[in-house]
Amino acid sequence: MQISTRSGPRILAILGPTNTGKTHLAMERMLAHTTGMIGFPLRLLARENYDRAVAKVGKAAVALITGEERILPKTARYFLCTVEAMPVAKQVEFLAIDEIQMCADPERGHVFTDRLLHARGRSETMFMGAETIRPVIRKLVENVEFDTRARFSTLSYNGAKKIQRLPAQSAIVTFSAQEVYAVAELVRRQKGGAAVVLGALSPRTRNAQVEMFQNGEVEHLIATDAIGMGLNLELNHVAFAALHKFDGNFNRSLSAAETAQIAGRAGRHMNDGTFGVTGNLSGIDPDIIEQIEAHEFEPLTKVFWRNARLDFRSVGALQKSLRRRSEDPTLILAREPVDEVMLEHLANNEDVARIATAPDRVQLLWEVCQIPDFRNIHTDTHPRLLTSIYRYLAKPGSTLPIDWLGEQVLRLDRYDGDIDQLSSRLAGIRVWTYVSHKHHWLDDSNHWQERTRAIEDKLSDVLHERLTQRFVDRRTSVLLKSLKDKSELMSTITANGEVQVEGEFVGRLDGFRFIADETDAAFEGKAIASAARRALTGEIAQRVKQLETDEDDKFSVNGQLDVLWNGAQVGVLKKGDTVLSPEVQVIDSEFFDGPTRERVRIRLLNFVNAHIEERLKMLTRLRDCQLSGPIRGLLFQLNEGLGCVPRSELDSLVKDLSDEDRKALAKLGVRLGVETVHVLDALKPDPVELRGILWAVARELDALPQLPPAGRTSVPNDRANSKGFYLAAGYMPVGPLAARVDMLERFAALLRQKARENDGKVRPDPDLLSLLGCTVEQAEGVFTALGWRAEVTKVKKSELEAKEAEKKGAEAAKTDKAEAVAETPAEVKAEAPADVTAEETVPVASEDAPAEAVAEVAAVDAAEAPVGDAPSVETDADGDELVEVKFFVRVDRRKRSGPAGRGQQRGPRQDARAKGGPKGKGANRPNRGGNKGERGDKPGGRGGQAPEKKNQINEDSPFAKLKEMLAAKG
């Protein structure tokens with residue numbers, strides 16, 4: 001059938017695809033009339049256009065009417081409504097219906113069809129929608145003027161893209177809350193965050209999410225087909241993650257027109273848009289793509305309709321009138337709408353059936369059944385609620401009880417829980433917001449409107465916060481928004497180096513290196529890095545200037561071979577041309593260009609050179625002194641060895657030194673020891689650490705090994721450490737120990753002295769042990785490393801005891817004398833480094849040399865254990881008891897590899913020179929260990945002929961007879 005219209009009023013059908021300005025035109029036309037009304041498919045759109053109208057004509061002239069919200073000034077002239085809430089009986093000059101193609105919607109289409117057939121403005125009526133509705137309008141409405149509008153921009157298909165490759169300002173569309181949340185979580189991890197839009201959200205929550213997207217706080221929107229209806233979004237691209245939806249009855253594919261309605265949200269005004277697929281989809285049917293790009297779809301031939309002339313004589317009559325079919329084949333009966341389903345439920349309730357017997361009671365029942373089920377959970381919860389409401393309202397003159405209504409609302413006035421719980425409460429309070437606008441159902445409807453609206457708003461805000469917390473990294477969103485603004489970012493740096501950009505913590509600035517806050521999202525990391533780069537460029541420039549002007553006390557080097565500035569790493573020491581001239585490599589910093597990096601390098605290198613000059617002056621003066629000949633070579637090797645070189649490596653140079661060379665070395669602080677050649681001042685703790693660092697740098701190590709503790713005269717010889725490392729630290733590896741070189745020289749000197757006093761034989765007594773702070777076993781290892789060989793000799797026990805008693809007496813006298821003088825002997829002071837403390841000079845027991853070591857020596861001295869386990873007592877010819885005692889005798893270094901007995905010919909006064917040793921003063925001493933004559937045969941040497949040694953020949957031996965014969969011959 002065709003509906004006749006009044007002659008005169010203009011009826012326009014403005015048709016075309018999305019982004020053609022249809023809604024904008026309707027708003028302009030309405031405001032050009034004295035009164036007007038527009039029906040929108042969504043409460044959200046009604047609110048958006050209400051705000052737009054208020055901005056133009058003021059609040060007093062504009063009304064908002066939806067199922068859940070009514071703003072109705074007494075002087076209102078313009079009414080922005082949802083289609084269902086339109087007061088169609090009210091006469092206005094202009095009336096319009098947006099998205100009129102919704103007549104074909106299975107659930108709500110009958111409402112739009114009713115407005116198409118019956119809603120008119122006195123002067124002008126306008127229908128806005130898709131071109132597909134043209135045949136239906138032409139058939140159902142007379143005298144319609146059609147205006148087809150072309151899209152302002154181009155919409156094109158660009159295929160499938162992975163989510164992480166989607167461009168900015170993209171929407172990803174899927175069709176269930178669970179899928180929306182899953183995709184949003186994925187986007188948060190890969191892209192920094194997303195806004196979400198679902199039909200189940202309240203308009204306030206949806207607005208907040210959309211605003212976050214529009215403001216650039218996030219670059220992606222995850223939505224259902226709720227975005228397909230009139231949401232004005234700044235979208236560049238729409239990506240479908242699904243092409244099937246559940247429409248309430250079954251799962252079906254989207255039609256080409258439905259796909260176009262959603263895809264058309266991409267591109268605003270003159271900006272072109274694109275659409276495609278993502279996720280598990282590989283593409284869209286080519287025929288559908290062609291239809292969408294050409295905006296040509298199969299026209300609609302039928303729309304949903306429901307009889308508007310209802311019969312309220314009984315429930316049965318009402319149901320029958322609702323199911324009456326139209327005679328026009330274009331109008332097909334609506335599928336069971338929710339209100340009819342609720343009517344069926346309530347009609348089967350005995351209490352309701354008993355009450356709903358009069359027309360007014362039936363009409364009330366139908367009104368109650370039209371309360372929306374915002375929760376949409378498909379249980380009997382909503383029918384039970386409607387039954388309760390109806391039973392209260394069906395009583396004559398009754399309204400909803402305040403106590404009962406307050407209890408229902410109070411249960412929803414909670415803001416804890418997760419997103420699903422908050423969404424459920426929000427849907428529940430929206431039901432009561434709808435009820436609160438039924439003035440005749442409540443005693444104080446204004447109170448309940450305010451209360452339910454306040455709860456809905458708060459729940460909406462909390463839900464928005466929860467969605468943002470879950471699917472958006474707030475820091476990333478703030479940084480992204482700020483980065484889009486070309487102005488300078490606000491940044492602060494705390495005293496401990498924390499960096500905040502636009503109030504958000506992004507990381508720490510350590511010197512010139514920005515250490516970003518850890519994140520599990522690559523996109524978030526990029527946003528942080530970009531924001532930090534923009535915010536810190538000026539700060540880095542200021543720091544470079546400060547570094548160049550700071551004094552050297554602001555710099556240091558550490559055991560990790562780093563150069564530090566104010567405690568922060570700014571460079572790394574690298575191998576240079578010589579060990580005392582390392583290079584500096586500036587740390588990597590994204591803020592440095594080439595010239596800036598060079599400025600920093602030069603300042604750091606100047607500090608390092610000055611630091612070496614100050615701390616190792618005793619070595620740099622060796623390098624800088626102008627000497628020639630053997631001494632020059634010796635000083636070069638001493639510098640390369642950082643002030644300590646084994647004597648054996650320099651013998652060829654030492655033997656060629658003149659007396660003047662030796663004096664020059666003494667003035668330079670160089671000690672020509674028996675075991676090492678070293679610079680005494682370089683043994684102080686401060687130079688030792690820097691020497692170790694330079695040694696590690698020269699060998700291109702990553703860090704300095706652990707140095708021996710300051711003050712220790714010896715440490716266990718860790719085979720993992722090289723000999724060069726110990727020498728750089730001022731220690732010489734000798735057997736099981738690494739001994740400080742100055743103490744080692746004293747040890748070796750004392751060892752030689754004791755050998756002279758005891759017929760060339762030495763035992764590890766407390767004097768020797770205390771110098772190195774070691775055990776007897778360790779001392780024996782040191783003896784061996786220094787060229788002494790163990791021998792077991794049988795001696796008279798009585799003589800041994802007499803010698804021990806004599807030694808103890810001498811030690812006691814020495815102790816008494818020391819206490820009387822109460823000062824350190826001059827010879828000890830002369831041996832110690834210039835500013836080594838008393839504590840460092842006194843030998844300290846090592847970890848392997850406990851205090852019991854002296855007791856151990858005393859026990860061995862008292863009764864040396866015989867070799868083997870034989871319990872028998874051995875005596876000499878006179879009956880004196882003999883015991884076996886271990887002694888150490890010197891091995892001629894030149895003959896260590898020869899027959900075992902030949903090395904015993906070395907005298908106890910022979911020094912530690914090896915073959916080819918140094919010559920010069922004292923160089924013409926008689927050979928004491930070879931075959932070139934007896935001791936004392938030739939005069940010479942600094943000390944003259946060696947003094948006669950007493951008691952060296954046993955009077956019963958053949959050598960005594962030989963001596964007597966030689967004396968008799970004169």
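If you read the sequence from its start, that first residue is 1, and numbering goes on from there. Keep in mind the model is a prediction, meaning the values are calculated, not measured.
The shortest non-hydrogen separation linking V715 to P708 is CG1-CB, 3.8 Å. A pairwise comparison of heavy atoms in G511 and A568 identifies N-CB, 3.4 Å as the closest pair. The shortest heavy-atom contact between V563 and L573 is CG2-CD2, 3.9 Å. Taking each heavy atom of E649 and V645 in turn, the nearest pair found is OE1-CG1, 3.6 Å. Nearest heavy atom pair, residue M618 against residue V679, reads CG-CG1, 3.7 Å. Minimum interatomic distance between N558 and I693 (heavy atoms only, all atoms of both residues): O-CD1, 3.6 Å.
A donor and an acceptor atom, one from each side chain of H237 and Q169, are nowhere located under 3.5 Å apart.
For the side-chain contact (heavy atoms from CB on, under 4.5 Å) with L665, the lone residue among I631, V654, L627, V677 that qualifies is I631. Evaluated for a salt bridge (charged side-chain N to carboxylate O under 4.0 Å, His left out) with E548, the options K554, R599, R601, R543 yield exactly one hit, R599.
Looking only at side-chain heavy atoms (C-beta outward), F725 and L704 come within less than 4.5 Å of each other. Side-chain atoms of Q560 and Q569, non-hydrogen and from C-beta on, never get closer than 4.5 Å to each other. At a threshold of 4.5 Å between non-hydrogen side-chain atoms, the residues V183 and T278 do not count as touching. Here the side chains of P582 and I612 are in contact, with some heavy-atom distance below 4.5 Å. A 4.5 Å side-chain heavy-atom check between H678 and L680 finds at least one atom pair inside the cut-off. Looking at K161 and S170, their side chains never come closer than 4.5 Å, going by heavy atoms from C-beta outward.
Panel note: side chain D593, backbone T596; a donor-acceptor pair is recorded below 3.5 Å. Under the 3.5 Å distance criterion, the side-chain polar atoms of T205 are left unmatched by any main-chain donor or acceptor of H464. In this structure a side-chain-to-backbone donor-acceptor pair under 3.5 Å is missing from R615 to R691. Side-chain atoms of D272 come within 3.5 Å of backbone N or O of T154 as a donor-acceptor pair. One N or O on the side chain of S581 and one on the backbone of T578 form a donor-acceptor pair closer than 3.5 Å. Using a distance-only test at 3.5 Å, with no hydrogens or angles considered, no donor-acceptor pair links the side chain of E675 to the main chain of V741. No donor-acceptor pair closer than 3.5 Å links the side chain of N215 to the backbone N or O of E217.
Within 6.0 Å of CZ on R632 lie no more than 12 heavy atoms contributed by other residues, nucleotides or ligands. For Q706, the CD atom sits in a loose shell: 12 or fewer heavy atoms of surrounding residues, nucleotides or ligands are nearer than 6.0 Å.
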### Task
Walk me through it: do R671 and D681 pass the test salt bridge (charged side-chain N to carboxylate O under 4.0 Å, His left out)?
CA-CA 10 Å; R671 298 293 183 264; D681 287 346; over 6 Å; no
### Task
Begin with the C-alpha distance, continue with both residues' side-chain angles, and end with the deciding distance and a verdict on side chain to side chain contact (heavy atoms under 4.5 Å, CB included) for V187 and F471.
CA-CA 8 Å; V187 171; F471 301 122; over 6 Å; no
### Task
Give the C-alpha distance, both sets of side-chain angles, the deciding distance and a yes or no for side chain to side chain contact (heavy atoms under 4.5 Å, CB included) between Y181 and I419.
CA-CA 10 Å; Y181 294 157; I419 290 175; 3.3 Å; yes
### Message
Between L690 and H611, is the side chain to side chain contact (heavy atoms under 4.5 Å, CB included) condition met? List the steps.
### Response
CA-CA 9 Å; L690 183 54; H611 186 63; 3.9 Å; yes
### Message
Working note: L509 + I540, criterion side chain to side chain contact (heavy atoms under 4.5 Å, CB included); need CA distance, chi angles, decisive distance, verdict.
### Response
CA-CA 10 Å; L509 189 60; I540 295 300; 4.0 Å; yes
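The CD1 atom of I587 sits 9.0 Å away from the CG atom of D562 when rounded to the nearest 0.5 Å.
Note: F592 and F512 have tilted aromatic rings, judged against thresholds of 30 and 60 degrees for the angle between ring planes.
Ion pairing between a basic and an acidic side chain is recognised when a charged N comes within 4.0 Å of a carboxylate O; R466 and D416 show no such pairing. Comment: K663 does not engage E660 in a salt bridge, judged by the lack of any side-chain N to carboxylate O separation of less than 4.0 angstrom.
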